[in-house]
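So that the names make sense, note that chain A is the first sequence line, chain B the second, and so on, each numbered from 1. In this text, all values refer to a predicted model and were calculated from it rather than measured experimentally.
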Amino acid sequence: MSREVRVRFAPSPTGALHIGGVRTALYNYLFAKKMGGKFLLRIEDTDQNRFVPGAEEYIRESLEWLGISPEESPWNPGDCGPYRQSERKPMYMQYALDLIKNGHAYYAFDTPEELDAMRDRLTAARVVSPQYDSITRTQMRNSLTLPEDEVKQLLESGAHYVIRIKIPRKEEVRLHDMIRGWVMVHSSTLDDKVLMKSDGMPTYHLANIVDDHLMRITHVIRGEEWLPSAPLHVLLYRYLGWEDTMPEFAHLPLLLKPDGNGKLSKRDGDKLGFPVFPINWTDPTTGETASGFREQGYLPDAFLNFLAFLGWNPGDHREIFSLEEMVEAFSIERIGKSGTQFDIAKAKWYNEQYLRAKSNTELAGFVIADAAAEGFEIRHEKAEAIVAFIKERVTFTADLWRESKFMIIAPTSFDAETASKKWSSDAVKVLTNYANSITGFTGTYDAVTAKSMLEASAEAEGIKLGKTMQAVRLAITGMGVGPDLMEVFAILGAKEVASRIEFALATLEVVG
RNA sequence: GGUCGGUUCGUCUAGGGGUUAGGACACGUCCCUUUCACGGAUGAAACACGGGUUCGAUUCCCGUACCGACUACCA
């Protein structure tokens, strides 16, 4: 009988979660859902020094915004708690001790200075990779080299020590990766990694294996930066006697900077001209805020869709996927092997697609809210009408108000370039005539009527309307470009149109 | 330096022993149009290099180059 699929996202709370982490969480989520399994979240806070307050809450809020919250987590525990490694501290030592008992780990008493000295010595002797390994451990102060009673005495006297794994001298370590296939590493290139630190906390490596085992994790889906330590993890499963339930590994290709030069990192902040975080993050020590996709105006579904395609594709030509559709189409086999450069233009395109797919009613809400923030009240019906014909020209929801502003607020100035090129005596004639003709107008002023009346004015003056349209636009909107002008007329209403024309006629002068 | 991983248009990618190497973003041109945008059409644009294997290699193998990750009592 096969086990229930259980995957986990295991961030450490060292600051904001960056989009690479979000993508890892997303793939874990998609895989869990696809397989009818569970998606859990575990906080890996074994490094007390790097803990950043608020980071955990940030992670939670980010995932909630995106709708990919874990089913088991510190704030929603299942039966494998606690879900913070710091709270699991007492659980790890016994496994480290087991390893020592079985001859797969040992105590090491070397001070940081001694370790430095060892590395310096090795470097001076031109050893290619100075490390604490099967060779060097014979010259260090550990339970392998020290007499038994001295080790006992050191331990009893409370001396600082760490527990290191004893990597075999000559052994081919094989590991299977669902994305990369078999990867072979020789144990002689591995070092005796610290498993338990002198503060009594486990390192990532031990804690990760113990917790994945205890939490019955079946698939480890994580970033490629973990590939080099995966052989160590395989060894740990073996020495702990858990090889038969060892999870499958899938190491995800890295998210690269737009120039392809190095992986995207938290420290990139806003330097690249776009956010690297899902939502705003304010650094608790510096107080600086780095922007997030949410605050930049990205829709969660669009952002998710974009992110999913950074390294994965469904194998056909479809590009737009709801979260549910992604779950349906997802498979680890279709994840690529090579690093993926981040291209913000594609993210914008996705946002435009999702924005346009939204109902006018929903979009109207953004315009109303943004206008209200500036003290303008817009009726929902009007907002809907506005949004209906400008939504195809915007990228973000915040653009909606910016693009519709001119329909609420009459222009007080006019684009100089358009004015100098297009404002003509013909335009003045047509507009004067038009203003007069609509002043007493009482019929239905829709786009068609507005246009036929304008055509009539042009004809009455013996002027071709086409030649003056730009000037008309300028008079009404103050700008040279914009959406369909006759629709604008209809939304403004005859009275407002007339009043704007009068203002323009009084303000603009024909040059040349 | 060492270990591991990777390499198809500028970018995300499909494909895979015989293809006009396909799509999307971005870009150019044209059409639509009072402008801009949308939309439609269209164009330019890629198998890193060298050897092998083979009738045939972009695809398989080896090597080289380049890129990246890792190389802490950090994760």
Inset, instruction - For nucleotides B:A21 and B:G2, find the distance between their C1' atoms and express it as a whole number of Å. - result: 38 Å
Legend entry - Rounded C1' spacing from B:C55 to B:U64 in Å: 28 Å
Inset, instruction - Could you tell me whether A:Arg334 contacts a base, only the sugar-phosphate backbone, or nothing, with contacts defined as non-hydrogen atoms closer than 4.0 Å? - result: sugar-phosphate
Inset, instruction - For A:Asn261 and B:C67, give me the distance from atom CG to atom P, rounded to whole Å. - result: 9 Å
Legend entry - Nearest to side-chain heavy atoms of A:Asp343, which nucleotide of B:A69, B:A75, B:G10: B:G10
Legend entry - Between A:Asn305 and A:Tyr354, a side-chain donor and acceptor under 3.5 Å: yes
Inset, instruction - Ignoring hydrogens and angles, state whether a donor on the side chain of A:Ser86 or A:Asp45 is under 3.5 Å from an acceptor on the partner side chain. - result: yes
Legend entry - A:Asn433-A:Glu461 side chain donor-acceptor pair, cut-off 3.5 Å: yes
Inset, instruction - Among B:G2, B:C73, B:A24, find the nucleotide with the atom closest to the side chain of A:Lys346. - result: B:A24
Inset, instruction - Assign A:Lys348 to base, sugar-phosphate, or nothing according to its heavy-atom contacts below 4.0 angstrom with the strands shown. - result: nothing
Legend entry - Mutual orientation of the aromatic rings belonging to A:Tyr237 and A:Phe249 [parallel < 30°, tilted 30-60°, perpendicular > 60°]: perpendicular
Legend entry - Closest nucleotide among B:C70, B:U35, B:C73 to the A:Lys197 side chain: B:C73
Inset, instruction - Would you tell me whether A:Asp110 and A:Tyr132 have side-chain atoms, one donor and one acceptor, within less than 3.5 Å of each other? - result: yes
Legend entry - Length of the line joining A:Leu465:CG and B:U35:P, which is rounded to integer Å: 12 Å
Inset, instruction - Please report the closest heavy-atom contact between A:Pro275 and A:Gln296, naming both atoms and the distance. - result: CG-CG, 3.5 Å
Inset, instruction - Find the partner of B:A44: check Watson-Crick (N1-N3 plus N6-O4 or O6-N4) and G-U wobble (N1-O2, O6-N3) distances, both under 3.5 Å, and reply none if neither fits. - result: none
Inset, instruction - For A:Asp133 and B:U3, give me the distance from atom CG to atom P, rounded to whole Å. - result: 14 Å
Inset, instruction - Return the nucleotide paired to B:G1: Watson-Crick means purine N1 to pyrimidine N3 with N6-O4 or O6-N4, wobble means G-U with N1-O2 and O6-N3, both under 3.5 Å. - result: B:U71
Inset, instruction - Classify the nucleic acid contact of A:Leu485 as base, sugar-phosphate or nothing, counting any heavy atom under 4.0 Å across all strands shown. - result: base
Legend entry - G-U wobble or Watson-Crick pairing nucleotide for B:G63 (cut-off 3.5 Å, both distances): B:C49
Inset, instruction - When you get a sec, tell me which of B:C70, B:A75, B:U3 is the closest nucleotide to the side chain of A:Thr46? - result: B:A75
Legend entry - Rounded distance (Å) that lies between atom C1' of B:C4 and atom CZ of A:Arg174: 16 Å
Inset, instruction - Report the nucleotide, chosen from B:C12, B:C73, B:C25, that has the shortest atom-to-atom distance to any side-chain atom of A:Ala345. - result: B:C25
Inset, instruction - State the pairing partner of B:U35; accept Watson-Crick or G-U wobble contacts with both distances under 3.5 Å, and report none otherwise. - result: none
Inset, instruction - Write down the distance between CG (A:Leu227) and C1' (B:U3), rounded to a whole number of angstrom. - result: 11 Å
Inset, instruction - Determine the Euclidean distance between corresponding P atoms of B:G43 and B:G23; express it in Å to zero decimal places. - result: 10 Å
Inset, instruction - Describe the nucleic acid contact of A:Thr468 in one word from base, sugar-phosphate, nothing, applying a heavy-atom distance below 4.0 Å. - result: nothing
Inset, instruction - Looking at every strand, decide which applies to A:Gly482 at a 4.0 Å heavy-atom threshold: base, sugar-phosphate, or nothing. - result: base
Inset, instruction - Name the pairing partner of B:C25, where a pair is Watson-Crick or G-U wobble with both distances under 3.5 Å, or state none. - result: B:G10
Legend entry - Distance in angstrom units between A:Met93 CE and B:C73 C1', rounded: 13 Å
Legend entry - Any side-chain heavy-atom pair of A:Phe414 and A:Thr418 under 4.5 Å: no
Inset, instruction - Would you classify A:Val128 as touching base, sugar-phosphate or nothing, given that sugar-phosphate means primed atoms plus P, OP1 and OP2, and contacts are heavy atoms under 4.0 Å? - result: base
Legend entry - Sugar-phosphate only, base, or nothing, as touched by A:Met184 at under 4.0 Å among non-hydrogen atoms: sugar-phosphate
Inset, instruction - Answer with base, sugar-phosphate or nothing: what part of the nucleic acid does A:Arg119 contact at a heavy-atom distance below 4.0 Å? - result: sugar-phosphate
Inset, instruction - Could you check whether A:Pro258 gets within reach of a base, just the sugar-phosphate, or nothing at all, counting any heavy atom under 4.0 Å? - result: nothing
Inset, instruction - Taking only the side-chain heavy atoms of A:Trp226 (C-beta and beyond), determine which of B:A75, B:U35, B:C73 contains the nearest atom. - result: B:A75
Legend entry - Sugar-phosphate only, base, or nothing, as touched by A:Val183 at under 4.0 Å among non-hydrogen atoms: sugar-phosphate
Legend entry - Length of the line joining A:Leu232:CG and B:U71:P, which is rounded to integer Å: 12 Å
Inset, instruction - Remember a base hit wins even if backbone is also touched, and classify A:Arg180 as base, sugar-phosphate or nothing at under 4.0 Å, heavy atoms. - result: sugar-phosphate
Inset, instruction - Output the single nucleotide from B:C4, B:C73, B:A75 whose closest atom is nearest the side chain of A:Leu115. - result: B:C73
Inset, instruction - Using a 4.0 Å heavy-atom cut-off across all strands, classify A:Thr340 as base, sugar-phosphate, or nothing. - result: sugar-phosphate
